[in-house]
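Chain A is the first sequence line, chain B the second, and so forth, proteins listed ahead of strands; every chain is numbered from 1. The analysis underlying the following values was restricted to heavy atoms, covering all of them including side chains, and did not include hydrogens, waters or symmetry mates.
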Number of protein chains: 2
Amino acid sequence: MKEIRVAIFEDNKLLRDALHAIIDGTPGYTSCGIFTDGNRWETDINRSKPDVVLMDIEMPGLNGIEVTKNICEKFPPIKILIQTVFNDNEKIFAALCAGASGYTLKTDPPHKYLEAITDVFNGGAPISAGVAKKILGFFAHKNVILVSPNDVDYQLSNREQEILQLMVKGDSYPVIAEKAFISYETVRSHVKHIYKKLHVASRSEAVTKAIQKGLA
Amino acid sequence: MKEIRVAIFEDNKLLRDALHAIIDGTPGYTSCGIFTDGNRWETDINRSKPDVVLMDIEMPGLNGIEVTKNICEKFPPIKILIQTVFNDNEKIFAALCAGASGYTLKTDPPHKYLEAITDVFNGGAPISAGVAKKILGFFAHKNVILVSPNDVDYQLSNREQEILQLMVKGDSYPVIAEKAFISYETVRSHVKHIYKKLHVASRSEAVTKAIQKGLA
DNA sequence: AAACCAATCCCCCAATGGGTGAATTAAATT
DNA sequence: AATTTAATTCACCCATTGGGGGATTGGTTT
């Protein structure tokens, strides 16, 4: 049975040292890297080669959510366990979307941490009670809607995506023209191309599709 | 310490009897009602007065999701624990939105059930590992978007909501007029009122707001 | 060289938005 | 009981916006 290599991102020295001690002090776990911020995450990850990353959300410089997003993209096999203290719905939601594999509360006792680490390492999805309650709250209060994934690629050009964003925002063509530094007529031309690619025939349909397909 | 009153909705006789036996056989738990479908849910709930409901999703007649929605609306203090077997994302998502307090897999062992019942009774949100993984998947793959809750009530009338739905669908005014059995001019009149109430000035803004505020 | 596409621009006409006004009905308030 | 408020219905005028077709340029691919 291989040891689980754990990297720690945590700006609080006390917590950092405590985690380090717990992980290195428990058979089956090794702390392979301890970092106080996410500014050099890429080299940090490359050198420490962790199986699991313990990620603090609030850190100086790049925050934990950004770093999580980046690691998930560049190193998909690495499991990330986010640690959170706060009750900010927006932040929890953003953290969920970043693509981590589990969420624990900092107030959880050490043995819970170790359990969670093993759990994510084995492909599980440990979620602390408090976080679970929040997530169910999201759904129960209908603060969340399901969008069909990008099963189809609409092949919008960069410029077209840009225009589409502004359309979703509700900007009129003249306003879009100003913001994009092109003429009114050119905006309209882009819009027409967008409609063709999205298979829609009006602005409102395009906006609906953009939101529901996650293009905005 | 009060006993926890548990009602069971489950169409499978074997499972139903097993649950009944486990719950009544464990100190601290009483099964106060056992039902094979949700068709008479309101009288069932009124008579059995449960603290916690074990709800099967697939039942003849009214399915578990509908019944859950109804109970959550009419009897908010009652906690509902949904039991699921299948892997259908859509169904799990619908179940989450119905407003239940917890989700267990039917494959979980009995002691897990009892734990989950106690957990929801105490305000927790037990989520089985498999369901947790699915939920994180929703968020990680961005198949889900956060909508600001109805923090403000736009006070749209029924008719206006109806028109707004059709606008979101992308119907033109003449088409909306046909579907709503009113004249073109009346549609326009409603639309203007909608814009005033939503504080927007164009169809696309109205559509965006409708989607993001959950009005559609 | 030909075909393609993104990005730019113009014109015609239909659809949409804002203002204003008004009749009927129902509900709420005084 | 009288008044007010709001919802629903309809109408007209007119300016702005939006949709469809067409066209040019420059760059890329075939």
Given protein heavy atoms under 4.0 Å, the one-letter contact record of nucleotides 9-15 of chain D, with B base, S sugar-phosphate only and - none, is simply BBBBB--
Spell out protein contact along nucleotides 25-30 of chain D as letters: B when the base is contacted, S when just the sugar-phosphate is, - when no protein heavy atom is under 4.0 Å; keep the 5' to 3' order.
------
What's the closest nucleotide to the side chain of A:Tyr195 if the choices are C:dG18, C:dA6, D:dG20?
D:dG20
I need the [atom1]-[atom2] distance between [X] and [N], as an integer number of Å.
X        : N      : atom1 : atom2 : result
B:Asp171 : C:dA15 : CG    : P     : 14 Å
B:Ile176 : C:dA15 : CD1   : C1'   : 12 Å
A:Met167 : C:dT16 : CE    : P     : 14 Å
A:Leu156 : C:dA6  : CG    : P     : 10 Å
A:Tyr173 : C:dC10 : OH    : P     : 17 Å
B:Gln155 : C:dA27 : CD    : C1'   : 14 Å
A:Leu166 : D:dG18 : CG    : P     : 13 Å
A:Ile194 : C:dC5  : CD1   : P     : 17 Å

More than 12 heavy atoms from other groups under 6.0 Å of CG on B:Asn122
yes
Quick one, which residues of residues 198-209 of chain A touch DNA chain C with a heavy atom under 4.0 Å?
none
Could you pull out all residues at least two apart from [X] that satisfy side-chain hydrogen bond (donor to acceptor under 3.5 Å, both in side chains)?
X        : value
B:Asp119 : none
B:Lys49  : none
A:Ser189 : none
B:Asn70  : none

Whether A:Ser157 contacts C:dA7 is assessed here as follows: a side-chain N or O lying under 4.0 Å from the phosphate OP1 or OP2. Is that the case?
yes
For C:dA6, take OP1 and OP2 only and decide whether either is under 4.0 Å from a side-chain N or O of A:Lys197.
yes
Holding to side-chain contact (heavy atoms from CB on, under 4.5 Å), I want the full list of residues that pass it with [X], two or more places apart in sequence or in another chain.
X        : result
B:Ser128 : B:Thr104, B:Leu105, B:Asp108, B:Val131
B:Ala95  : B:Ile57, B:Ile65, B:Ile82, B:Tyr103
B:Thr30  : B:Glu3, B:Asp24

Would B:Tyr195 and B:Ser202 count as having a side-chain donor-acceptor pair, cut-off 3.5 Å?
no
Residue pairs meeting salt bridge (Lys or Arg N to Asp or Glu O under 4.0 Å), one or both in residues 73-84 of chain A, sequence neighbours left out, come to A:Glu42-A:Lys74
Taking salt bridge (Lys or Arg N to Asp or Glu O under 4.0 Å) as the cut-off, I'd like each qualifying pair that reaches into residues 191-207 of chain A, sequence neighbours left out, listed once.
A:Glu160-A:Lys197
